[in-house]
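Reading through the structure tokens given below for one structure.
Residues take their numbers from the sequence shown, with the count starting at 1. A quick note: this is a predicted structure, and the numbers were derived from the prediction, not measured.
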Amino acid sequence: MRELFLTPADSIEKAVAALTEPAVVYLKAGIYRQKTVIAADNVTLVGEDREKTIITFDDYARKIHADGNEYNTFRTYTLCVTGNNVKLENLTVENSNTDPITAGQCVALSVHGKLFRTENVDLRSLQDTLFLSPFPDDLVLRYRNFLPREQLYAEGGNLHLFRGCRIFGSVDFVFGGARALFYGCELVSLSDGRNEGFVAAPCHPLAEEVGFVFTDCAFKNGGAKDNSVFLARPWRDFGKCAFINCALDGHINPALFDKWNDTARDKTARFSYRGLSGTGLAPADWARELSAAQVSSIIDYCNEKFNC
């Protein structure tokens, strides 16, 4: 296993691109103002200090790209991972744009590889902080000549773990169609000047059996209004989320889930929950309370895949 030691003066992307074997890349504390793609497989990035090792950039959806088009949500990332078996530890990934109402979406981390893991990591932005591919089918067609192939196509098997992480955002700040497990994480809702917020926005196909699973997580208020934030809303039909043994602050709306504007996605969304602690909760009647046996099955799956 090769080891690299980088400082903010070094290019993370260039250093990783030159690797020909599995490696651990150690990042000295500091500000890495770099828009970065990790395309290599079997790479671990380890920061010296979670809050002081910061990879940051500030692209936003309405910014004009060199090709003359707007960046669009999916080119705004600060860090984009297309390699397989990549892990992040003990660092922060940030999109520093602070005005999504005017500037549009602002992705911090975009993940397209298989078997991605994070531990003790902060992800910071406002709208669309964390994207986990695959895309919904209609966007694969729409972006065929817009996004690089390795960022557009996912052939199944995407499986990700977020352990002990803090994810900050305001609207749809965990979104996509991957199978992802969030264990012991804090999901912190910030205020961006709007009256409503949403944590998760899944777009899973009907064939996906797991979706996003939040276990033993805390949904924290970082400045949002009381009762103004929903745990999830379906970005596409059949989006799937489970929330198990999670603690909810008072900013979470008692209904927990939103159907997404004037759609009928409450008829197809697969949202479920069990063991949530909060005040005055009255979950939407189209969401499903899990049985103890179903929770055990989900936990067994998590332990099998990641030893949660």
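Between the CG atom of D216 and the SG atom of C246 there is a distance of 7.0 Å, given to the nearest 0.5 Å. The line from CG of L6 to CG of L27 is 5.5 Å long, rounded to the nearest 0.5 Å. Atom CG in L190 sits 9.0 Å away from atom CG in N221 (nearest 0.5 Å). Between D262 atom CG and R265 atom CZ the span is 9.0 Å, to the nearest 0.5 Å. A distance of 10.5 Å separates OG in S189 from CZ in F168, rounded to the nearest 0.5 Å. Interatomic distance, Y77 OH to D128 CG, rounded to the nearest 0.5 Å: 15.5 Å.
Shortest non-hydrogen contact noted between A242 and L290 is CB-CD1, 4.4 Å. Heavy atoms only, all atoms of each residue included: T263 and D266 are closest at O-OD1, 4.2 Å. Nearest heavy atom pair, residue D49 against residue E51, reads OD1-N, 2.9 Å. Closest approach of G280 to P254, counting heavy atoms only: O-CB, 3.3 Å. Nearest heavy-atom pair, F182 versus L132, reported as atom, atom and distance to 0.1 Å: CZ-CD1, 4.0 Å. Contact between A15 and L4 at its shortest, heavy atoms only, is O-CD1, 4.1 Å.
Between the side chain of D41 and the backbone N or O of N84 there is at least one donor-acceptor pair closer than 3.5 Å. Distance alone, capped at 3.5 Å, places no donor-acceptor pair between the S110 side chain and the C80 backbone. Panel note: side chain Q34, backbone D10; a donor-acceptor pair is recorded below 3.5 Å. Although no hydrogens or angles enter the test, the distance criterion places no donor-acceptor pair under 3.5 Å between the side chain of E89 and the main chain of V46. A donor-acceptor contact shorter than 3.5 Å is absent between the side chain of K14 and the backbone of A18. Judged by distance alone, with hydrogens and angles left aside, the side-chain atoms of T118 form no donor-acceptor pair with the main-chain N or O of V121 at under 3.5 Å. Judged purely by atom type and a 3.5 angstrom limit, D122 has no side-chain atom pairing as donor or acceptor with the backbone of T92. Counting only distance, with no hydrogens or angles, the side chain of S297 and the backbone of A293 share no donor-acceptor pair below 3.5 Å.
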For a side chain to side chain contact (heavy atoms under 4.5 Å, CB included) check, start with the C-alpha distance between F214 and L187, then their side-chain angles and the critical distance, and finish with the verdict. CA-CA 10 Å; F214 298 86; L187 292 298; 4.2 Å; yes
Carefully, step by step, assess F146 and N72 under the rule side chain to side chain contact (heavy atoms under 4.5 Å, CB included). CA-CA 10 Å; F146 182 74; N72 174 283; 3.7 Å; yes
F135 vs F74, test: ring-ring contact (aromatic ring centres under 6.0 Å, His included). Steps then yes/no. CA-CA 10 Å; F135 288 93; F74 301 102; 4.7 Å; yes
Chi angles and distances behind the salt bridge (Lys or Arg N to Asp or Glu O under 4.0 Å) call for E119, R50: CA-CA 10 Å; E119 187 163 357; R50 173 178 183 157; over 6 Å; no
In sequence, state the C-alpha distance, the side-chain angles, and the governing distance for R288 and Q294, and then conclude on side chain to side chain contact (heavy atoms under 4.5 Å, CB included). CA-CA 11 Å; R288 179 168 58 99; Q294 289 169 324; 2.9 Å; yes
From CA spacing to verdict: side chain to side chain contact (heavy atoms under 4.5 Å, CB included), F219, L231: CA-CA 8 Å; F219 290 79; L231 291 180; 3.6 Å; yes
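L181 and F175 are not part of a single hydrophobic cluster, where members link through side-chain heavy atoms under 4.5 Å apart. Under the 4.5 Å side-chain heavy-atom criterion for ILVMFWY residues, a single connected hydrophobic cluster contains both V93 and I38. The cluster map of Ile, Leu, Val, Met, Phe, Trp and Tyr, joined by side-chain heavy atoms under 4.5 Å apart, puts V16 and I54 in different clusters. Transitive grouping of hydrophobic side chains (ILVMFWY, heavy atoms separated by less than 4.5 Å) brings L79 and L130 into a common cluster. Under the 4.5 Å side-chain heavy-atom criterion for grouping Ile, Leu, Val, Met, Phe, Trp and Tyr, V229 is not connected to V188 through any hydrophobic cluster.
Here the rule is ring-ring contact (aromatic ring centres under 6.0 Å, His included) with H204, and of F212, F238, W235 only F212 fits it. The salt bridge (Lys or Arg N to Asp or Glu O under 4.0 Å) test with E208 is passed by exactly one of R270, R179, K240, R236: R179. Just one residue in the list I12, T56, T78 forms a side-chain contact (heavy atoms from CB on, under 4.5 Å) with Y32, and that residue is I12.
Side-chain contact annotation: T76 with D59, donor-acceptor N/O pair under 3.5 Å absent. Judged by distance alone, the side chains of N95 and S125 never bring a donor and an acceptor atom under 3.5 Å apart. With no hydrogens or angles considered, a side-chain donor-acceptor pair links R117 and N85 at under 3.5 Å. Looking at D58 and N97, their side chains never bring a donor and an acceptor atom within 3.5 Å of each other. The closest side-chain donor-acceptor pair between N253 and N227, if any, does not fall under 3.5 angstrom.
Here F257 and F243 bring their ring centres to under 6.0 angstrom of each other. In this structure, Y153 has its ring center at least 6.0 angstrom away from the ring center of H112. The distance between the ring centers of Y183 and F162 does not fall below 6.0 angstrom.
Between F271 and W286, the ring planes are tilted. Angles from 30° to 60° get that label. Classified by interplanar angle (parallel below 30°, tilted 30° to 60°, perpendicular above 60°), the ring pair H160/F116 is perpendicular.
Using a 4.5 Å heavy-atom cutoff, the side chains of D172 and Q105 are not in contact. The closest side-chain heavy-atom distance from L45 to L91 is below 4.5 Å. By the 4.5 Å heavy-atom criterion applied to side chains, R2 and T20 are not counted as neighbours. Contact check for L123 versus R166: no side-chain heavy atoms found under the 4.5 Å cut-off. Residues N158 and S133 have side chains in contact (heavy-atom distance under 4.5 Å, counting atoms from C-beta outward). Under the 4.5 Å side-chain criterion, counting only non-hydrogen atoms from C-beta, V24 is in contact with Y26. Here the side chains of V86 and T44 are not in contact, with every heavy-atom distance at 4.5 Å or above. Side chains of N245 and L276 form no contact here, defined as non-hydrogen atoms less than 4.5 Å apart.
Taking a 6.0 Å sphere around CD of E209, one finds it holds 12 or fewer heavy atoms contributed by other residues, nucleotides or ligands. The number of heavy atoms from other shown groups lying within 6.0 Å of CZ (R33) is above 12. Atom NZ of K220 is surrounded by 12 or fewer heavy atoms from other residues, nucleotides or ligands within 6.0 Å. Taking a 6.0 Å sphere around CG of D300, one finds it holds more than 12 heavy atoms contributed by other residues, nucleotides or ligands. Atom OH of Y71 has more than 12 neighbouring heavy atoms from other residues, nucleotides or ligands inside a 6.0 Å radius.
Taking the ring axis of F5 as reference, the NZ or CZ atom of K28 does not stay both within 45° of it and closer than 6.0 Å to the ring centre.
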